[in-house]
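Indexing begins at 1, ligand by ligand and atom by atom, following the structure's order.
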Amino acid sequence: MRRLPLTLLAASLLMAVGTASAADHDTTIPAAAVHTAEQLRDRALQDNTGYQIVTSLTTEIGPRLAGGVNDQRARDWAIAKFKALGFDKVYTEPVTYPLWERRSESGSIVAPFPQHLVLTALGYSPGTPKGGLTAQVVQFASLDALKAADPANLQGKIVYVGYRMQRTKDGHDYGMGSAMRVGGPVLAASKGAAGYLLRSAGTDAQERIAHTGVTGFKDGAKGIPSAALSNPDADQLERELAYGKPVTMKLDLDCGIVGQYTGANVIGEITGSKHPDQVVAIGGHLDSWDPGTGAIDDGAGVAIAMAAAKLIHDLPQRPDRTIRVIAFANEEMGLWGGKAYADKHAAEVGKFQLGTESDLGAAPVWKMSASVKPQARGAIEQIAKVLEPIGVTYDAKRPGGGGSDLSQMHGKGMAALSLEQDATYYFDWHHTANDTLDKIDPKQLAQNIAVYAAFSYMAAQADGDFGSAPDAFAGDGSKE
Ligand SMILES: [Zn+2]
């Protein structure tokens with residue numbers, strides 16, 4: 001060791017001591033808070049507030065396409081619901097995005113064997129010219145095959161990609177399915193195609209129902225008409241293509257971006273008694289796609305977060321920190337609500353104790369992972385112990401991404417959980433006319449609420465923080 005002047009040595013020792021003591025202070029959850037969390041968990045399993053909330057939303061409002069006829073009505077509903085549930089503070093924050101409209105859509109095979117096909121236009125798709133787009137179909141088995149294609153073979157054609165999504169408990173194949181829908185149209189447009197079709201990014205095989213969803217087009221001027229075929233209709237198209245003769249299709253889409261729209265994130269809070277400025281952030285997204293009533297995507301998430309906070313509200317005393325429930329605007333067309341939220345609140349990321357959003361339906365949570373500072377791992381294990389009896393396994397090796405919109409706050413440095421729901425059947429109904437209330441089992445929804453109520457309360461009562469700080473979790477490997 002080099003010799004240092006005494007004063008410098010003393011200063012460096014002091015700093016070392018200071019750093020060490022801060023680093024050594026483990027975040028823990030007091031025993032009384034663990035006990036209350038267990039009670040909240042058990043109470044949630046017997047409570048039907050969440051199911052009442054999602055019933056109210058899907059019945060009184062129904063489909064909630066961002067910027068559509070029900071957008072304002074849904075916001076009014078959320079404000080009224082937060083107030084009726086007794087939240088201490090209810091407010092909105094504006095979110096501006098391109099307004100996309102769906103007016104009509106149809107498609108058919110013209111040759112060799114004329115057939116009507118069931119399809120749906122994709123978000124941000126422009127419409128076809130008046131009278132429709134009639135063009136030859138060129139088939140690709142994968143995005144890689146499309147990437148490798150010679151643009152000369154695509155000019156003026158309709159590109160079709162026929163990837164079939166597989167059903168899994170963790171829903172991981174949606175990564176590929178959504179890439180076909182988000183990136184595929186952009187790739188086909190860049191190579192000179194006139195239109196884009198995909199086999200729906202969905203796991204149902206026999207339902208003649210197409211799955212909508214967003215494309216990567218943010219600027220209508222650069223897009224090409226894009227749509228998803230139902231699985232049986234994709235089968236039919238592929239059978240015709242297998243004859244080896246040119247297949248011609250007519251696509252007739254009346255849709256597109258018609259301007260800008262300003263909606264809002266709707267936020268309700270249970271104000272903390274000791275540290276009101278420190279928040280546990282939970283939520284769901286208020287918008288949905290238009291064919292269904294947005295029950296599993298994501299009325300369930302809004303209901304889970306609202307009902308979990310309501311249980312904490314009903315305790316004899318307010319929690320130490322604030323529980324903030326965010327009903328995000330326009331998640332579906334590109335995390336607009338989440339991005340606006342993160343931009344607005346990035347500078348105060350250190351005040352976000354812990355957060356995550358529910359956006360994978362209403363089936364039980366079965367896996368938990370976390371991105372927190374090392375000194376908070378013990379507290380996460382305490383949370384895991386309370387959740388274990390209701391079927392949640394803790395995976396200490398994986399990061400926590402914070403869910404869909406709140407992934408943006410996690411990207412700014414918010415400590416985050418991932419609470420993975422069983423996604424086995426979720427993608428059968430996702431983004432379709434079949435996303436309706438009957439797909440939600442009240443008991444399973446209640447399990448989710450038990451998870452959110454228990455973890456939120458423990459995080460709010462923790463002695464210490466979970467490591468939120470600007471860019472604290474950059475490169476943690478989460479990418480939700
Ligand atoms: Zn969603």
Side-chain angles (χ1 to χ4, degrees), residues 50 53-54 57-58 61-68 70-71 74 78 95 97 100 120 122-124 165 170-175 177-179 181-182 200-203 211-215 228 263 265-266 281-306 325-342 355-363 365 401-410 418-437 439-440 445 448 452 479-480:
I53 293 169
V54 69
L57 177 59
T58 54
I61 311 297
R64 305 174 298 283
L65 188 68
N70 283 341
D71 194 294
V95 181
Y97 48 84
W100 182 80
T120 188
L122 301 177
Y124 292 137
M165 233 182 102
D170 68 2
H172 72 268
D173 209 22
Y174 185 58
S178 64
R181 193 195 65 226
V182 175
S200 280
T203 49
H211 297 241
T212 190
V214 79
T215 63
N265 293 327
V266 185
I282 55 177
H285 64 85
L286 191 54
D287 69 307
S288 77
W289 282 103
D290 44 340
T293 62
I296 58 163
D297 189 12
D298 183 28
V302 171
I304 288 162
M306 278 185 172
V325 175
I326 309 155
F328 286 99
N330 200 355
E331 184 275 344
E332 292 295 359
M333 284 188 247
L335 302 175
W336 291 96
K339 284 174 182 164
Y341 189 84
T356 196
E357 176 179 1
S358 170
D359 186 19
L360 197 61
V365 176
S404 45
D405 297 280
L406 278 173
S407 69
Q408 302 301 300
M409 227 21 229
H410 177 54
S418 279
L419 294 169
E420 279 190 49
Q421 292 157 289
D422 183 338
T424 306
Y425 298 106
Y426 180 69
F427 293 103
D428 281 22
W429 310 313
H430 179 250
H431 296 182
T432 73
N434 276 338
D435 178 359
T436 46
L437 185 64
K439 309 307 181 300
I440 296 180
L445 188 74
N448 279 270
Y452 275 74
K479 48 172 174 31
E480 283 187 56

ask   = Would Tyr174 and His430 count as a ring-ring contact (aromatic ring centres under 6.0 Å, His included) if you check the C-alpha gap in whole Å, the side-chain angles of each, and the deciding distance to 0.1 Å?
value = CA-CA 11 Å; Tyr174 185 58; His430 179 250; 5.0 Å; yes
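- Summary: OD1 is the N/O/S atom of Asp297 found nearest to the Zn ion (ligand 1).
- For the residue pair His285/Asn330, the side-chain donor-acceptor check at 3.5 Å is not satisfied.
- Distances from the Zn ion (ligand 1) to the N/O/S atoms of His285 are shortest for NE2.
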query = After noting the C-alpha distance and the side-chain angles of Thr424 and Asp422, does the key distance pass the side chain to side chain donor-acceptor pair (under 3.5 Å) rule?
reply = CA-CA 6 Å; Thr424 306; Asp422 183 338; 2.5 Å; yes
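- When distances from the Zn ion (ligand 1) to the N, O or S atoms of Asp359 are compared, OD1 comes out shortest.
- For the residue pair Asp428 and Thr203, a side-chain donor N or O sits within less than 3.5 Å of a side-chain acceptor on the partner.
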